[in-house]
Amino acid sequence: MISSGQRDIMVFIAKLIECEYQAERNCILVIDEFFDYLDDANVVAFQYYISTLIDSFKKSKRIIFPILLTHLDPNYLKHFCFNDSRLNVVYLKQINAQVSDKMAKLVANRENILIKNILDKHYFHFSEKKKNLSLKKLFLLEIYFF
């Protein structure tokens with residue numbers, strides 16, 4: 001039996017190895033919310049393996065940009081592997097976006113049974129399949145919001 005953290009770190013290491021052998025030249029590696037539930041030992045293991053991957057890319061004259069997305073305090077990651085020379089912390093900036101009345105109404109009513117599936121499938125969740133909405137579906141949206 002292994003813990004969830006042990007399983008996650010093993011899968012992660014396997015994915016890093018896959019990245020190392022599949023990336024021919026330059027690579028952007030995005031890691032989202034990986035640390036949030038790992039214990040300290042697995043966080044150190046993560047840092048060791050990601051640092052090793054970075055060093056491997058440098059040695060073979062390739063470029064890798066690991067982007068770590070987390071809610072954790074950046075100081076939590078400052079150990080021997082991620083020192084100040086390897087860690088560049090960037091916080092998301094406040095954007096003063098303007099929302100149209102139609103869009104606000106659409107989001108406010110997204111749970112409406114007549115349009116929920118349409119909105120979820122085509123607007124609020126990523127889908128690799130690009131599909132034009134049928135005239136009937138567009139008409140439903142237009143009745144409610146436009």
Side-chain angles (χ1 to χ4, degrees), residues 1-100 102-134 136-138 140-141 144-145:
M1 299 291 292
I2 62 173
S3 70
S4 295
Q6 290 169 324
R7 182 198 65 228
D8 290 345
I9 197 74
M10 288 182 353
V11 169
F12 182 74
I13 292 166
K15 290 295 185 182
L16 287 181
I17 292 169
E18 182 181 7
C19 172
E20 183 174 7
Y21 289 107
Q22 286 186 352
E24 293 178 15
R25 183 78 181 132
N26 299 337
C27 177
I28 298 173
L29 178 63
V30 179
I31 304 165
D32 186 21
E33 300 290 342
F34 184 76
F35 311 97
D36 293 356
Y37 60 93
L38 293 180
D39 62 17
D40 290 342
N42 282 320
V43 169
V44 172
F46 164 83
Q47 291 182 32
Y48 169 78
Y49 284 107
I50 195 78
S51 295
T52 301
L53 178 68
I54 292 167
D55 292 342
S56 173
F57 267 73
K58 281 183 181 179
K59 186 177 179 180
S60 62
K61 299 192 185 328
R62 296 180 295 166
I63 299 170
I64 186 168
F65 295 98
I67 300 171
L68 312 176
L69 306 173
T70 183
H71 292 99
L72 295 177
D73 180 347
N75 290 320
Y76 183 71
L77 302 174
K78 289 186 179 180
H79 295 115
F80 64 93
C81 295
F82 284 174
N83 56 32
D84 287 333
S85 68
R86 286 186 171 233
L87 199 59
N88 180 20
V89 177
V90 178
Y91 294 97
L92 296 178
K93 294 181 174 72
Q94 178 67 32
I95 298 173
N96 295 323
Q98 299 294 321
V99 179
S100 70
K102 292 175 184 176
M103 184 56 68
K105 189 176 177 185
L106 181 74
V107 173
N109 292 289
R110 71 184 286 184
E111 295 299 321
N112 181 312
I113 195 164
L114 294 173
I115 58 172
K116 180 178 178 7
N117 290 337
I118 299 167
L119 295 177
D120 284 348
K121 186 173 183 180
H122 299 287
Y123 291 98
F124 293 127
H125 299 284
F126 174 76
S127 174
E128 290 183 7
K129 296 179 182 178
K130 293 181 181 180
K131 181 181 177 187
N132 290 330
L133 296 178
S134 70
K136 181 180 177 184
K137 291 177 182 177
L138 286 172
L140 277 176
L141 289 175
Y144 282 95
F145 303 105

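This structure is a prediction, so every number in the text was calculated from the model and none was measured.
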*With sequence neighbours left out, write down each residue that passes side chain to side chain contact (heavy atoms under 4.5 Å, CB included) with S100, or none if nothing qualifies.*
K102, M103

*State which residues pass salt bridge (charged side-chain N to carboxylate O under 4.0 Å, His left out) with K116; sequence neighbours excluded, sorted by chain then number.*
E111, D120

*Looking at residues at least two apart in the chain, or sitting in another chain, which of them share a side chain to side chain contact (heavy atoms under 4.5 Å, CB included) with E18?*
K15, Q22

*asked:* To the closest 0.5 Å, what do you measure between CZ (F12) and CD1 (I17)?
replied: 11.0 Å

*Check the pair S56, R62 against side-chain contact (heavy atoms from CB on, under 4.5 Å), reporting the backbone distance first and the verdict last.*
CA-CA 8 Å; S56 173; R62 296 180 295 166; 4.1 Å; yes

*Can you see which heavy atom on C19 is nearest to which on L29, and at what distance?*
SG-CD1, 4.5 Å

*By side chain to side chain contact (heavy atoms under 4.5 Å, CB included) - contacts of I9 (at least two apart)*: I13, F34, N42, A45, F46

*Would you say T52's side chain and Y48's backbone share a donor-acceptor pair under 3.5 angstrom?*
yes

*asked:* So, using side chain to side chain contact (heavy atoms under 4.5 Å, CB included) as the criterion, who are the partners of I2 when residues are at least two apart?
replied: Q6, R7, M10

